[in-house]
Amino acid sequence: MTLPIVSTPIPPPGDEIELLARASALAGYNLGELAAHAGLVLPADLKRDKGWIGVLLERYLGASAGSKPEQDFAAIGVELKTIPVDSRGRPLETTFVCVAPLTGNSGVTWETSHVRYKLARVLWIPVEGAREIPLTRRRIGTPLLWSPSPEEELLLQNDWEELMDLIVLGRVEHITARHGEVLQLRPKAANSRALTKATGEFGQPIMTLPRGFYLKKTFTGPMLARHFLV
DNA sequence: AACTGATCATCT
DNA sequence: AGATGATCAGTT
């Protein structure tokens with residue numbers, strides 16, 4: 001297996017087969033090898049570069065880079081997610097999905113939600129994430145091209161509806177990360193001083209911490225496990 | 001081990 | 001301010 005040339009931006013994949021082939025070709029390489037081959041300087045750790053691995057893999061796979069509110073592979077409708085895993089392939093972190101809308105939610109439904117859109121088709125790439133492993137030696141795992149099963153989608157929908165109901169009812173500040181079986185709502189902000197508009201208990205406008213939807217490890221764990229078992 | 005709030009970089 | 005890419009680190 002040989003690494004693709006990445007010194008020049010590589011074109012988006014034409015279809016899922018091509019995308020999966022590119023991702024599969026990266027499996028087994030470590031971050032030091034991929035960084036060197038791409039001519040990038042690997043950070044000492046991820047403390048100040050939390051999205052570094054995601055950006056690196058975007059580059060190798062031909063994702064439309066940057067911060068556009070679109071899927072990573074818009075043309076083929078696929079989202080890319082790297083997920084840090086332990087030695088047994090279990091997730092080490094929750095997975096950010098998208099920012100939660102805290103205002104203007106009258107009439108929003110699961111069918112039209114950003115969560116459903118983002119998760120409709122995801123290329124999961126596990127990456128060794130144990131902190132004992134130096135960043136340079138952490139290896140890329142086998143990719144998984146995934147869509148939620150009917151059961152998984154129902155779990156997601158139920159949680160999304162529960163959380164959105166609370167938001168609409170002005171109870172966003174009462175929501176904890178325990179609400180939801182598989183989806184949780186937590187801060188997603190530059191820092192604790194960042195505020196956004198929301199609706200309060202009495203329907204009044206309030207300023208609160210921006211929130212995001214995250215997939216719990218109890219969701220992504222079994223999802224990955226099933227894949228690597230089969 | 002899960003939860004929880006906080007945080008970092010970059011771009012539009 | 002809010003989107004992209006997420007992980008850190010203390011507490012329970």
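From a predicted model like this one, the values you see are computed outputs, not experimental measurements. Sequence lines set the chain letters: A, B, ... in the order given, protein chains first and strands last, and positions in each chain run from 1.
Proximity note for A:Lys217 (side chain, C-beta onward) versus C:dG2, B:dA2, C:dC8: the nearest is B:dA2. Nearest to the side chain of A:Ala189, among B:dT7, C:dA6, B:dT4, sits B:dT7. Minimum atom distance to the side chain of A:Thr176 is reached by B:dT4, of the listed B:dC8, C:dG2, B:dT4. Listed nucleotides B:dA9, C:dC8, B:dA6 differ in distance to A:Arg48; the shortest reach to its side chain belongs to B:dA9.
Remark: C1' of C:dG5 and CD of A:Glu70 are 16 Å apart, rounded to the nearest angstrom. Distance, A:Asp45 CG to B:dA9 C1': 14 Å, rounded to whole Å. Atom OH of A:Tyr214 and atom C1' of B:dA2 are 15 Å apart (whole Å). Between the CG atom of A:Leu185 and the C1' atom of B:dC3 there is a distance of 14 Å, rounded to whole Å. Taking atom CZ of A:Phe219 as the reference point, atom P of B:dA2 lies 16 Å away to the nearest angstrom. With rounding to whole Å, A:Arg211 atom CZ is found 22 Å from C:dA6 atom P. Atom pair A:Ile83:CD1 and C:dG5:P shows a separation of 14 Å (rounding to whole Å applied). The CG atom of A:Asn191 sits 11 Å away from the P atom of B:dA9 (whole-angstrom rounding).
Among the atoms of the strands shown, none is found under 4.0 Å from any heavy atom of A:Ala194. Among the heavy atoms of the strands lying under 4.0 Å from A:Lys118 are primed sugar atoms or P, OP1, OP2 only; no base atom is included. Among the atoms of the strands shown, only primed sugar atoms or phosphate atoms (P, OP1, OP2) are found under 4.0 Å from some heavy atom of A:Glu79. Nucleic acid contact for A:Pro210: none, since no nucleic acid atom lies under 4.0 Å from a heavy atom of the residue. When heavy atoms are screened at a 4.0 angstrom cut-off, A:Leu195 is found touching the sugar-phosphate backbone but no base atom. As judged by a 4.0 angstrom heavy-atom cut-off over every strand, A:Arg193 is placed among residues touching the sugar-phosphate backbone only. Residue A:Thr82 is in sugar-phosphate contact alone, with no base atom involved, counting any heavy-atom pair closer than 4.0 Å across all strands shown. Here A:Gly54 lies in heavy-atom contact (under 4.0 Å) with sugar-phosphate atoms only. Across all strands, A:Lys188 comes closer than 4.0 Å to base atoms (heavy-atom distances). Within 4.0 Å (heavy atoms only), A:Arg186 reaches at least one base atom of the nucleic acid. Contact annotation for A:Leu209: backbone-only contact, meaning every heavy-atom pair under 4.0 Å involves sugar-phosphate atoms and none involves a base.
Between A:Thr199 atom OG1 and A:Arg171 atom CZ the span is 13.5 Å, to the nearest 0.5 Å. Annotation: the span from A:Leu61 atom CG to A:Leu26 atom CG amounts to 5.5 Å, rounded to 0.5 Å.
Residue-to-nucleotide proximity on DNA chain C shows that, of A:Pro84 and A:Ala100, the 5′-proximal contact is made by A:Ala100. Ranked by how close their nearest DNA chain B nucleotide is to the 5' end, A:Lys50 and A:Arg178 are led by A:Arg178. Where A:Gly129 and A:Asp49 meet DNA chain C, the nucleotide closest to each residue was compared, and A:Asp49 sits on the side nearer the 5' end.
Although no hydrogens or angles enter the test, the distance criterion places no donor-acceptor pair under 3.5 Å between the side chain of A:Asn105 and the main chain of A:Val108.
Checking the phosphate oxygens (OP1, OP2) of C:dG2, a side-chain nitrogen or oxygen of A:Thr196 falls inside 4.0 Å. Contact between the side-chain N/O atoms of A:Ser192 and the OP1/OP2 oxygens of B:dT7 is found at a separation under 4.0 Å.
With no hydrogens or angles considered, a side-chain donor-acceptor pair links A:Glu152 and A:Trp146 at under 3.5 Å. With 3.5 Å as the limit, one finds no donor-acceptor pair spanning the side chains of A:Glu153 and A:Gln157. A donor-acceptor pair shorter than 3.5 Å cannot be found between the side chains of A:Arg90 and A:Ser87.
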Derivation of the side chain to side chain donor-acceptor pair (under 3.5 Å) call for A:Gln71 and A:Tyr117: CA-CA 9 Å; A:Gln71 286 160 316; A:Tyr117 174 73; 3.3 Å; yes
